[in-house]
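This report concerns only the one structure given below.
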Amino acid sequence: MYNYSEIEKKWQKYWETNNSFIASNNSEKSKYFILVEFPYPSGSGLHVGHVRSYTALDAMARMRRMKGYNVLFPMGWDAFGLPAEQYAIKNKVHPKEAVRRNIEVFKGQIQDLGLSFDWSREFATTDENYYKWTQWQFLKFYEKGMAYKGKKEINWCPSCKIGLSNEEAEGGVCERCGHPVEKKEKEQWILKMSEYADKLLDGLDETEFLDRIKTAQVNWIGKSEGALVDFKLDNSDDYLKVFTTRPDTLYGVTFMVVSPEHEIINKYKDKITNISEVIKYKEEASKKSEIERTDATKEKTGVKLEGLYAINPVNDEKIQIWTSDYVLTNYGTGAIMAVPAHDERDYEFAKKFGIDIIEVIKGGDISKEAYTGDGEMVNSGVLNGYTNKQDSIKKMLEYLEENNIGKKTTNYRLQDWIFSRQRFWGEPIPMIYCEECGWVPVPVKDLPVTLPDVTSYEPTDTGESPLANIDSWVNTTCPKCGKAAKRETDTMPNWAGSSWYWLRYMDAQNNDEFVSNEAMKYWGMVDYYNGGMEHATRHLLYARFWHRFLYDNGLVPFPEPFKKRVAHGMILGENGEKMSKSKGNVVNPDDMVKSYGADALRTYELFIGDYEKDAAWSENGLKGCKRFLDRVYRLKDKVVDGFVYSKELDNIINKTIKKVTNDIESMKYNTAVSALMILTNEFEKLDKITKADYKTLLILLNPIAPHITEELNEMCELGKAIVNCNWPEYDEAKTIDETKEIGVQVNGKVRATIEVNINMDDEEIKNLALDHENVKRHIEGKEIVKVIVIKGKIVNIVVK
RNA sequence: GCGGAUGUGGCGGAAUUGGCAGACGCACUAGACUUAGGAUCUAGCGGAGCAAUCCAUGGGGGUUCAAGUCCCUUCAUCCGCACCA
């Protein structure tokens, strides 16, 4: 019927030559910044899932432009990091070359979809004049004391030969390859993210993230209020410090537990009479994978530290100390006070090892289980008689502070960000080590520290970065004293480049600054940020942290980067399972564009269902959308001159403008498409439609199917290109029907429908309802109790 | 275990937020036009029933003139977190 491929190419070229989507940094218009997460240009090419979210935000961008906004809708490439490096190793090409090729493929695929990105602002995180600024910002962290080098026991993947952040080692397995993670000590660059816990929490108030995304952020930060309490060690001046959220139960402490890695074990190895047994336990624990260790359902294990005791500071009781792997090294102080009567885990442990259980809160049956509820305090010295948790905690905190044995503290799950990676394909950390001067930052004038061109970029067996093998790169001079010195060979994590990229889009060609202040002041927060739910914790947290740090140091003018954050659902295979090569249910967007056209693919992916929910692919569904576009195309033969809406269509056109506008705004694309289908159905019923009718349909459909609508607009000589048109306005009065069919119920069951006029009063409607044949039949011989008339909705007659 | 989400025809999904459940699309059925149709058009399409009507939004209960929508309870599926002291 028509050659969609030709039409698509034609209009894509038109938009390009007319700079239709280039955003201006100097505009009188209101700004609107729409951002989609930039992709990894992976070797497997674009996924239909990308098409969904890009098209969705593209529709929003196109509508906003027509509404008169200056829209920034940029695209770039997150090209550093493990996936790119592993792809390069596997395919025996330099990562630089692999990335270049993959970007080319990705970009071509994206352009074939007619997405209205502003390509003049495109960059990759691997561009030297981008990562120069990533390095520059790292130096700011260093300069402000927010980056430090620390010896940390890190998560080590023996398969990938790389250190992983806690986040990447979730569940005790490597996120990339699934191999169990081991522990290894290593000097690491670390960013003090934990210092920002409260700011990251409070900052959420300035955003309009989806609730589930906010919740995910809050949980990840994991703030809990409690107390640090000092337990003096018996026959020593040393203290064992614990963190507890339940200081009110201090009188119920019958033992303490330290993590197997706790320093106290080594420190008191001479005093612990069963030290060999303890060491054996520790070794066993370290051999266990994280997944085994953190399996909450497994039976508790542990060893008593014989000969070592602590003193309960509130009642001077002598308390035994144990070590067990249910106490984590990296949370709190790595040691706990155990209150078996009122904590499930402690209860289980005490039961197993026959340790005393002392009740301090009444209300449960501690011979059966730990009681964690509220109740009257007993056996509790100063707390006796208190009846609720809040008051007892408050009282105990006061008592602890007055007596100098503890203090109120807040603890966070959020840890510092381990920033080093022993990899080739990342931003080199711009630091130099000098025997004389220690760590010295690379001077700003020498940035970027670039990656050398080498032939081997595979990881070394020693765990060092491949960069360590390149003497010519490693050896340099100290910027401070001029003596021979060595470069840091670790690189940054792939999260680094994505932690400020939205700022760069504002001013992507700037060679003097990472972004100009004017550009940041003009564009401000990202208005709409779309990404996958899998990035709603880490990436979002890192990005917010990074941005907030820049803000605190006067480098950006606003504290939170993203106003709204939304998440798209996944597109599943036709069988309802996640698309994967092994399942053979992968749909290639290129094939779909070839067979049905970009417009049909775009329309279908928006029509597929609720944007936030997962949806199964259906090629028949796509065909249906192609048919819909064909029907819109055929309407062109009905077009006659006319600059006003046809009388028969006036109301529905106004209604549709309203619906489509609101739906695109609120990301309810599926119902927007459906409304346009309904409008098309109405057009088809008539022999003739006016140019005005058709033009409005085409404009409303344009954000969804931009090519065919432009073509039809031109073919029918409906005026200037749609991309330059204004979004249509609607007349609220015309969205309300003069007459309407409403249901008439008798005792809640629909018995008839009547046609009512908008001007009728309740009495008229009531009489009309009572007069209906079928209604009469149902109320005959019965007493009318009351008649409920809801204007424009329903009539309900209650009879007895 | 804790937290979050979801549950509506054969399928994807609508339902102005308490007001005619199933919009729109897919699949399917019958017919028309055709040498042909994976094109197009017309009609039908939750279940039962000739029909009037009855039943139906995971199950059970409740509030209401009126419940997919609100409350209680229960089941199922998916996704997070997972010994966080």
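Below, chain A is the first sequence line, B the second, and so on; all start at residue 1.
- As rounded to the nearest Å, B:A52 and B:U40 have P atoms that lie 35 Å from one another.
- Look at A:N670 and you won't find any side-chain N or O under 4.0 angstrom from OP1 or OP2 of B:A23.
- Nucleotides B:U16 and B:U69 are separated by 13 Å at their C1' atoms, to the nearest Å.
- In this entry the distance linking NZ of A:K623 with C1' of B:G25 reads 14 Å, nearest Å.
- For A:Y2, the ring-ring contact (aromatic ring centres under 6.0 Å, His included) criterion is met by A:Y633, not counting sequence neighbours.
- Closest to the side chain of A:K749, out of B:A27, B:A85, B:C54, is B:C54.
- With B:U53, B:A23, B:A14 as the candidates, the nucleotide lying closest to the side chain of A:S674 is B:A23.
- The distance between atom NZ of A:K352 and atom P of B:C83, rounded to the nearest whole Å, is 17 Å.
- Side-chain N/O atoms of A:N654 and A:D731 include no donor and acceptor closer than 3.5 Å.
- Under the Watson-Crick and G-U wobble criteria, each requiring two contacts below 3.5 Å, nucleotide B:G7 is paired to B:C75.
- In the model, A:W322 has a side-chain atom that pairs as donor or acceptor with a side-chain atom of A:Q320 under 3.5 Å.
- In the set B:C81, B:G13, B:A15, the nucleotide with an atom closest to the side chain of A:T671 is B:A15.
- A syn orientation is assigned to B:G9, its glycosidic angle lying within 90° of 0.
- In this structure, A:N747 places its CG atom 15 Å from P of B:U64, rounding to the nearest Å.
- Side chains of A:E261 and A:T329: a donor on one and an acceptor on the other come within 3.5 Å.
- For B:C20, its base never sits under 3.5 Å from the side chain of A:K793 at any donor and acceptor pair.
- Across all strands shown, A:G222 has no heavy atoms under 4.0 Å from either base or sugar-phosphate atoms.
- When each of B:G25, B:A23, B:G19 is scored by its nearest atom to the side-chain atoms of A:I788, the top-ranked nucleotide is B:G19.
- Regarding contacts with the backbone of B:A27, a side-chain N or O of A:R627 is found under 4.0 angstrom from either OP1 or OP2.
- Backbone-only contact: A:I608 has heavy atoms under 4.0 Å from sugar-phosphate atoms and none from a base.
- The CG atom of A:D663 sits 12 Å away from the C1' atom of B:C24 (whole-angstrom rounding).
- Taking only distance into account, the side chain of A:N796 meets the base of B:C65 through a donor-acceptor pair shorter than 3.5 Å.
- Stacking of A:K626 on the aromatic ring of A:Y596 is not recorded, the 6.0 Å distance cut-off and the 45° axial limit not both being met.
- Separating the P atom of B:A23 from that of B:A15 is a span of 13 Å, rounded to the nearest Å.
- Nucleotides B:G31 and B:C70, compared at atom C1', are 48 Å apart to the nearest Å.
- Atom NZ of A:K786 is separated from atom C1' of B:C65 by 5 Å (rounded to the nearest Å).
- Take the nearest nucleotide of RNA chain B for A:G621 and for A:G792: the residue whose nucleotide is more 5' is A:G792.
- Toward the 5' end of RNA chain B, the nearer of the two residues A:A335 and A:G624, judged by each one's closest nucleotide, is A:G624.
- The nearest whole Å value for the distance from the CE atom in A:M677 to the C1' atom in B:G13 is 12 Å.
- Both distances falling under 3.5 Å, in either a Watson-Crick or a G-U wobble arrangement, occur for no nucleotide opposite B:U34.
- When distances run from any side-chain atom of A:T245 to the nucleotides B:G12, B:A85, B:U40, the shortest one goes to B:A85.
- Using cut-offs of 30° and 60° on the angle between ring planes, the pair A:Y669 and A:Y611 is perpendicular.
- In this structure, A:L629 places its CG atom 12 Å from P of B:C26, rounding to the nearest Å.
- Across all strands shown, B:C2 forms a Watson-Crick or G-U wobble pair, both distances under 3.5 Å, with B:G80.
- Of the candidates B:G12, B:C55, B:C83, the closest approach to any side-chain atom of A:K300 belongs to B:C83.
- Residue A:R413 places none of its side-chain N or O atoms closer than 4.0 Å to OP1 or OP2 of B:C83.
- Between B:A52 and A:N774, no contact under 4.0 Å exists linking OP1 or OP2 to a side-chain N or O.
- Nucleotides B:U6 and B:C54 place their P atoms 33 Å apart, quoted to the nearest Å.
- B:C50 is unpaired under the Watson-Crick or G-U wobble criterion, no partner having all donor-acceptor distances under 3.5 Å.
- Nucleotides B:A43 and B:G62 are separated by 44 Å at their P atoms, to the nearest Å.
- Distances shorter than 4.0 Å separate none of the side-chain N or O atoms of A:T333 from OP1 or OP2 on B:A85.
- Spacing of C1' atoms, B:G22 relative to B:C11, comes out at 13 Å, to the nearest Å.
- Contact annotation: A:N620 reaches the phosphate of B:A27 (side-chain N/O to OP1 or OP2, under 4.0 Å).
- Backbone-only engagement by A:N681 is indicated by non-hydrogen atom pairs under 4.0 Å involving sugar-phosphate atoms exclusively.
- Using a 4.0 Å heavy-atom criterion, one finds that A:N411 contacts no nucleic acid atom at all.
- Counting only N and O atoms by type, the side chains of A:T671 and A:D663 include a donor and acceptor under 3.5 Å apart.
- Closest to the side chain of A:V798, out of B:A85, B:C65, B:C26, is B:C65.
- For A:H568 and A:E612, the side-chain atoms include no donor-acceptor pair closer than 3.5 Å.
- Pair assignment for B:G44: B:C28, on the basis of Watson-Crick or G-U wobble contacts that are both within less than 3.5 Å.
- B:U57 takes the anti form, because its glycosidic angle lies more than 90° either side of 0.
- Of all nucleotides listed (B:U53, B:A85, B:C20), B:C20 comes nearest to the side chain of A:Q745.
- Residues A:S224 and A:T410 have side chains not in contact (no heavy-atom distance under 4.5 Å, counting atoms from C-beta outward).
- Within the 4.0 Å cut-off from OP1 or OP2 of B:C41, not a single side-chain nitrogen or oxygen of A:R631 is found.
- The gap from the C1' atom of B:A39 to that of B:A51 amounts to 40 Å, rounded to the nearest Å.
- Here A:H778 lies in heavy-atom contact (under 4.0 Å) with sugar-phosphate atoms only.
- If you check B:C54, B:A23, B:U6 against the side chain of A:R751, the one that comes closest is B:C54.
- A donor-acceptor pair shorter than 3.5 Å can be found between the side chains of A:N681 and A:R631.
- Atom CE of A:M533 and atom C1' of B:U6 are 14 Å apart (whole Å).
- With distances taken from any side-chain atom of A:W220 to the nucleotides B:A14, B:G19, B:C81, the minimum falls on B:C81.
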